Every structure is written in structure tokens, then in C-alpha cells.
Amino acid sequence: MTLNQEPTMNRFYRYASHSAAFMSLAAALGACNPSKPSPSQTVTSASSVPSGSVGATHAKQEANALLNTYLLELAKLEKAQALAYWTAANSGKKEDFDAAARAELELKKLHSSADRYRQIVSLLERKSELEPLTVRSLEIAELAFKGNQLPPELLEKMVNASSEIEKTFNTFRAQLEGKKYSNNELLDMLAKQKDSKKRQAIWEGLKQVGERVGPQIIALAKIRNEAATKLGYANYWDMQVRLQEHDPERLMTLFQELENLTNAPFAAMKTKLDEELAQKLHVRPEEMMPWHYDNPFFQDAPPSSNVDLDDFYQGKKKEDIVAIAKQFYSDIGIDITPVLDKSDLYERDGKDQHAFCIAIDREGDVRTLLNIKPKAEWMDTMLHEQGHAVYYRLLDHELPYNLREAAHIFTTEAIAMMFGALAKNPTWMTHYVGADKKKVKAAEADILEQRRREQLIFTRWTLVMLHFEKALYENPDQDLNQLWWDIVEKYQSLRRPPHRHAADWASKPHFTIAPVYYHNYMLGELFASQLRASLATFARHEGPTSTLSFNGRKEFGEFLTNKVFKPGMRMKWPQFVRAATGEELTAKYFAREVAR
């Protein structure tokens, strides 16, 4: 995930999933979304299925009638919301964001109907009488409705509490030596500062907001838990995970596998990294503290001192980034011209400063918003966002309307990550960027090592977020300040600052804006690695998959279209992964990529 994509965490939480936690905001940014189908496109008609008992026929007719009505309403509201958000993101005008909020509210209202929710539940109790695609469409509808079956006063209480915290994050300015600084200013200062005591002061400044919002986040966690228990869940973490169609036990088992397989490579990598940073910052490796890393949470790898990928883009124009991406996708048999024709690719005043993909409908109108510069990071981002876009353009548009979606939010993220990572693939760089082969060859080991560090560091960060959030919602009254550093020490091997007992954890805004979500990013990394392994086997590639050549591989485009894109949401993600790769989702292929 690049710096350009990190701020778009909001897009996945707010717009991009088919689960109840996200479906009510279904104008998918990054994992894109919907439009108005004709009635014949929504579900299989009762007359087209084999006749059965009178009861079965009645169930089919009832299901088809409900889905045809609901999906037409959903399509209309989703398209309105997507168009409104696209307009707002491009204009930056308050009135446009207000219009997008109104459209979003209408979408929420659609899924708040208790009567329709009860009808869906009743039909699923008779699913043996229904066609498989009808059952799957009803299952997704149930997820969309279930998360909205709360008393209005509790929903309002939850929204208000969250909004207050977000407002604090947006307006808070840390104080350092009598002056106020924004978060970005402090991050810039931390990246440039060499003096350890001054780095510590800057790092502590970045954490100051935690003390302000910590008690509010704990109160919000209790409100969320109250909502979850009213819906029959153990707590909010349990609810969110299940509404994302994860089995909590299976999820934790998978992350335990990931932890076990990355313990040794992470420890070895961090030892080497600490030696490099210690020398740069004039401290001993054993004196390294959290403020000696450029990211205050150690979730990103520090810049490599040996290679700067921007050197390979010298002389390029911003338009070249688009042309390179267009040529690459064309070479694997995928035309992104229809996406580019409707996209907004370059900087403008008032425009959203980051990057996202949005599907205006589920019939092929897919767009991307970027702010491209002729840099390696934006090459990654361009490939990444077009990865989301081709997924949504090439899925089967004959599926029932609400199944015209990625198998899971992490599967579209996997595709985007896989394509984005090509910007750091030496073979791809020489072929498409035109980088000097001798220079790339000389820098290849450093390029691949930096990529490996990024993967390992982000892996251990997701382990922190997963375990801390799970514990937070299981017992919000425990000593969370102590727990945070217990978990950070275990998974990231960072030294706990002595005599510090502050709400450092609470300075991470994602506990509020994107709760119980980081695991999906990591699942995307795992699936991307598993797909690369499948493609490497298919291509009889020898060597690390990080050097797998996609150049001109139309068979790769066909494989991904048929195995990954077209199935949409016709099956639950565990079955989808088995169908696409031949085995269950596992951490072993990712572990092979990050092993030395």
C-alpha cells in the first residue's frame, strides 16, 4: 500500500464492501459499486426453474418478487450516491458533499426496513427450496439489512460519538516547545531530524491526540458493543468480523499461521534494519526506540538508503505514467481505455488529493480518481487503482445485481496490490518504464529487499491491530495503555518507552473511522501472493515470484478474468479462493516471498 492509498482506507470502510458493515454505504471506492438493472437481470424468474412442490414454488415466487423490488431500489440509490460522491470528490464543494451525504442517508434508510429484513430471514430458512444464486443474493441482502436493525436512538448515539472523535482528529494540533503543529508537519520533522531527544519529543507530539480521544474511543467501544449485543453478537469485534463473512476462529487461525511463518524473517530483517538506522542516527542498535523509525506506529518501512526508485523515472511526464499503465494492461489482454475516458487523473484545485476507484453502476461504468506525478509511487498507485477497475469491469454482469461485486473486499484489494507491486518488479521496470537494464540489475537486490521489508513490517503491524482491537471490544475497561505496549513488543519488537503510561494506541484514527478492518488488507496480501504463486506455476516461472514477468502475458489476463473477476460474489470467499487457486487461503506463499 502506497502513501497515496493509505488515506483511502476510508473509501474501503465507507464505500466498498458487500457486508452489512459497509453495504449501506455502497458507492464502492477501491472495491467499486452499482446501477439499475432491468428486472430480468436481478434474479432468476420463477418460471425458468424446474417445478417442485407448491411450497417450493411459492418460496421461489416470494423470493423473486422481493429481490426484484429490492434490487431495483438498491441500484437506483447506489447509482445516485456514487454519482454524488464522484462529483463531490472532484469539486471539493461543501454543497456537493452535502448532496452526497443525503444520497448516502437514503441508502441507509433502504436497509433499515424491519419488515423486509424479517422476510429475507424467513426465506433463508427455506433456502433448500430456492435456487443457489437466489440464496446467495438473499444472504448478501441479509448482511446489508442486519447491521441496520438497531433502534434509531442507538444509531444516532453511535454516529454522534464517532463524529465527535473524528472532529477532534481533524482539528487537533500538537504542542511542541510552545508552538502548534499539524500531524503532517510533525511527520516531516520526524523524517528529517537526527537528534534522538528531538525525535522523541516529535514522536510524543504525534501521540498527544491519544490522551484527548482515548476516553471517547473507550466510550464509543461500549456503545458499539451495546449495538452488537442487541443484534445477537458477543461484541462489536465479533459482529464486524462475521458481517464481513469471516469465521472468527478461522481468521485467528490464519493469522496465527502468518505470525509463526514471519517470526524468524521479521526478526532477522529488523535486526539488520536497526543496525542501519542506529548508524544513521548515531545510537547503538540496542538503544533503538519507537521514535527512531519514520512512521510513529512502525507500520511502514523507512526509505531505503541504497536505492530511490524515482531515479528510474527521470525525464518522465505525468502522461507517461498513464500511457505505461494503458500499454501494460493492453499487453495482458485488458483494455482500460473505457475506464480512463471517464477518470480524472491529474491534480486540480479543490479535488480529492489521494486516489480511489469507484463503480458508478454494476454495468461497467467504472472510474478512477488520481493525482498523478511522474514518480514511482504514482506508478504503483496507477496500476493499483486500475486493478480495482478491471476487476469491476470484467465481472459477470449477468449475475443477480447484488452479486456483481468482488468475492470479498480483500480479493479486489489483492488484485490491486498484485498489479501495483509490479512498479517494484525489476523485469517490469526495464520493459515498461524503459529503465536502464544495467542500473536496474545493479539495484535489483536493494529493490527486492525494500519490497520485502515493506511486506514484513506491514504484516506485523496488522497483527498488532488485529489482536488489540479484538481485546479492546472484549473488555474495554482493561488497562489498554499497558495492553497496547504488550502487543507492540510482542509483534513488532519495539522497546516500550520507560515510565510511559499514555493512550498511545488512541492516536490511530482507524479505531474510529475504520474499525475492525486492517485484517482485510493483510488477507489481500496473502491472496495476492497465492495468486502470484498460481501464475508462476502456470507460466513455469523459476525463481522468486517477485521477479515473475507479466510482460505481454495475455494468458495471465485470461486466467484472472475467468478465475477471479467473472465469478463475482456467486460463492463465499473461502470457496472462491479454492476455486481460483486450488487450495484454501494460506500464509505459506506470502511467507515464501518474504523469506531470504
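All figures in this text were calculated on a predicted structure; none of them were measured in a lab.
- Under the rule for a salt bridge (Lys or Arg N to Asp or Glu O under 4.0 Å), the partners of Glu276 that lie at least two apart in sequence or sit in another chain are Lys272, Arg453.
- You'll find the side chain of Gln530 stays beyond 4.5 Å of the side chain of Glu525, heavy atoms only.
- Checking side-chain atoms of Asp238 against main-chain N and O of Tyr233 turns up no donor-acceptor pair under 3.5 Å.
- Checked by atom type and distance alone, the side chain of Ser182 pairs as donor or acceptor with a backbone atom of Glu185 at under 3.5 Å.
- Residues that satisfy the side-chain hydrogen bond (donor to acceptor under 3.5 Å, both in side chains) test with Ser343, not counting sequence neighbours, are Thr368.
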Inset, instruction - Under the side-chain contact (heavy atoms from CB on, under 4.5 Å) rule, what do Leu251 and Leu523 come out as? Steps first, then yes or no, please. - result: CA-CA 9 Å; Leu251 183 69; Leu523 293 176; 4.0 Å; yes
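- Arg212 is linked by a side-chain hydrogen bond (donor to acceptor under 3.5 Å, both in side chains) to nothing, counting only residues two or more places apart in sequence or in another chain.
- Side-chain polar atoms of Glu204 and Gln200 form a donor-acceptor pair below 3.5 angstrom.
- When ring centroids are compared, Phe297 and Trp461 come within the 6.0 Å threshold.
- Of the possible donor and acceptor atoms, one in the side chain of His292 sits under 3.5 Å from a partner among the backbone N and O of Met289.
- With respect to the salt-bridge test (charged N to carboxylate O, under 4.0 angstrom), the residues Lys424 and Glu377 do not qualify.
- The salt bridge (Lys or Arg N to Asp or Glu O under 4.0 Å) contacts involving residues 249-267 comprise Arg250-Glu584, where partners must be two or more places apart or lie in separate chains.
- Taking 4.5 Å as the limit, some side-chain heavy atom of Leu206 sits within range of a side-chain heavy atom of Asn183.
- Salt-bridge check for Glu245 with Arg136: passed, with a basic side-chain N closer than 4.0 Å to an acidic carboxylate O.
- No donor-acceptor distance shorter than 3.5 angstrom exists from the side chain of Gln149 to the backbone of Leu231, with no hydrogens or angles considered.
- Under the rule for a salt bridge (Lys or Arg N to Asp or Glu O under 4.0 Å), the partners of Arg496 that lie at least two apart in sequence or sit in another chain are Asp486, Glu489.
- By the side-chain hydrogen bond (donor to acceptor under 3.5 Å, both in side chains) test, Glu211 pairs with no residue at all, sequence neighbours left out.
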Inset, instruction - Could you go through the side-chain hydrogen bond (donor to acceptor under 3.5 Å, both in side chains) check for Arg460 and Thr262 one step at a time? - result: CA-CA 8 Å; Arg460 307 303 286 197; Thr262 58; 2.9 Å; yes
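- Just one residue in the list Tyr491, Tyr518, Trp505 forms a ring pair (Phe, Tyr, Trp, His ring centres under 6.0 Å) with Phe468, and that residue is Trp505.
- At distances below 3.5 Å, not a single donor-acceptor pair connects side-chain atoms of Asp294 with backbone N or O atoms of Pro302.
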Inset, instruction - Go through the steps for Glu413 and Asn520 under the test side-chain hydrogen bond (donor to acceptor under 3.5 Å, both in side chains), then give the verdict. - result: CA-CA 8 Å; Glu413 186 62 20; Asn520 288 313; over 6 Å; no
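- Here the rule is side chain to side chain contact (heavy atoms under 4.5 Å, CB included) with Val594, and of Leu456, Leu261, Thr459 only Leu456 fits it.
- Checked against ring pair (Phe, Tyr, Trp, His ring centres under 6.0 Å), Tyr181 has no partners two or more places apart in sequence or in another chain.
- Contact between Gly210 and Ala506 at its shortest, heavy atoms only, is O-CB, 3.5 Å.
- Here Phe576 pairs with Phe527 under the ring pair (Phe, Tyr, Trp, His ring centres under 6.0 Å) rule; sequence neighbours left out.
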Inset, instruction - Evaluate side-chain hydrogen bond (donor to acceptor under 3.5 Å, both in side chains) for Arg224 paired with Tyr473, printing each intermediate quantity in order. - result: CA-CA 9 Å; Arg224 286 171 169 170; Tyr473 289 105; 2.9 Å; yes
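- Looking at Glu166, its side chain never comes within 3.5 Å of a backbone N or O of Pro509 through a donor-acceptor pair.
- A donor-acceptor pair is defined here as one N or O able to donate and one able to accept, closer than 3.5 Å; such a pair exists between the side chain of Thr229 and the backbone of Glu226.
- Nearest heavy atoms, Asn402 versus Ala141: ND2-N, 3.7 Å.
- A distance-only check finds a donor-acceptor pair linking the side chain of Thr411 to the backbone of His408 [under 3.5 Å].
- Listed by first then second residue, pairs satisfying salt bridge (Lys or Arg N to Asp or Glu O under 4.0 Å) with a partner in residues 469-482 read Lys222-Asp477, Lys470-Glu474, not counting sequence neighbours.
- A donor-acceptor contact closer than 3.5 angstrom links the side chains of Gln244 and His519.
- With respect to Asp446 and Arg451, no salt bridge is recorded, no charged nitrogen being found less than 4.0 Å from a carboxylate O.
- Checked against the 6.0 Å centroid criterion, the rings of Trp203 and Tyr293 do not qualify as a close aromatic pair.
- Evaluation of the salt bridge (Lys or Arg N to Asp or Glu O under 4.0 Å) rule for Arg532 yields Glu593 as partners, not counting sequence neighbours.
- The residues Lys508 and Asp504 are annotated as not salt-bridged, no charged nitrogen and carboxylate oxygen being separated by less than 4.0 angstrom.
- Not counting sequence neighbours, Ser304 has no partner by the side-chain hydrogen bond (donor to acceptor under 3.5 Å, both in side chains) test.
- Taking the six-membered ring for Trp, Phe419 and Tyr391 have ring centres at least 6.0 Å apart.
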Inset, instruction - Evaluate side-chain hydrogen bond (donor to acceptor under 3.5 Å, both in side chains) for Tyr85 paired with Glu104, printing each intermediate quantity in order. - result: CA-CA 9 Å; Tyr85 187 84; Glu104 186 178 301; over 6 Å; no
Legend entry - Steps toward side-chain contact (heavy atoms from CB on, under 4.5 Å) verdict (Leu535, Leu548): CA-CA 9 Å; Leu535 291 170; Leu548 174 66; 4.0 Å; yes
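- Here the side chain of Arg199 pairs a donor or acceptor atom with the backbone of Gln193 at under 3.5 angstrom.
- Lys351 places no side-chain N or O within donor-acceptor distance of the main-chain N or O of Ala89, the cut-off being under 3.5 Å.
- Residues passing the salt bridge (Lys or Arg N to Asp or Glu O under 4.0 Å) test with Lys167 are Glu164, sequence neighbours excluded.
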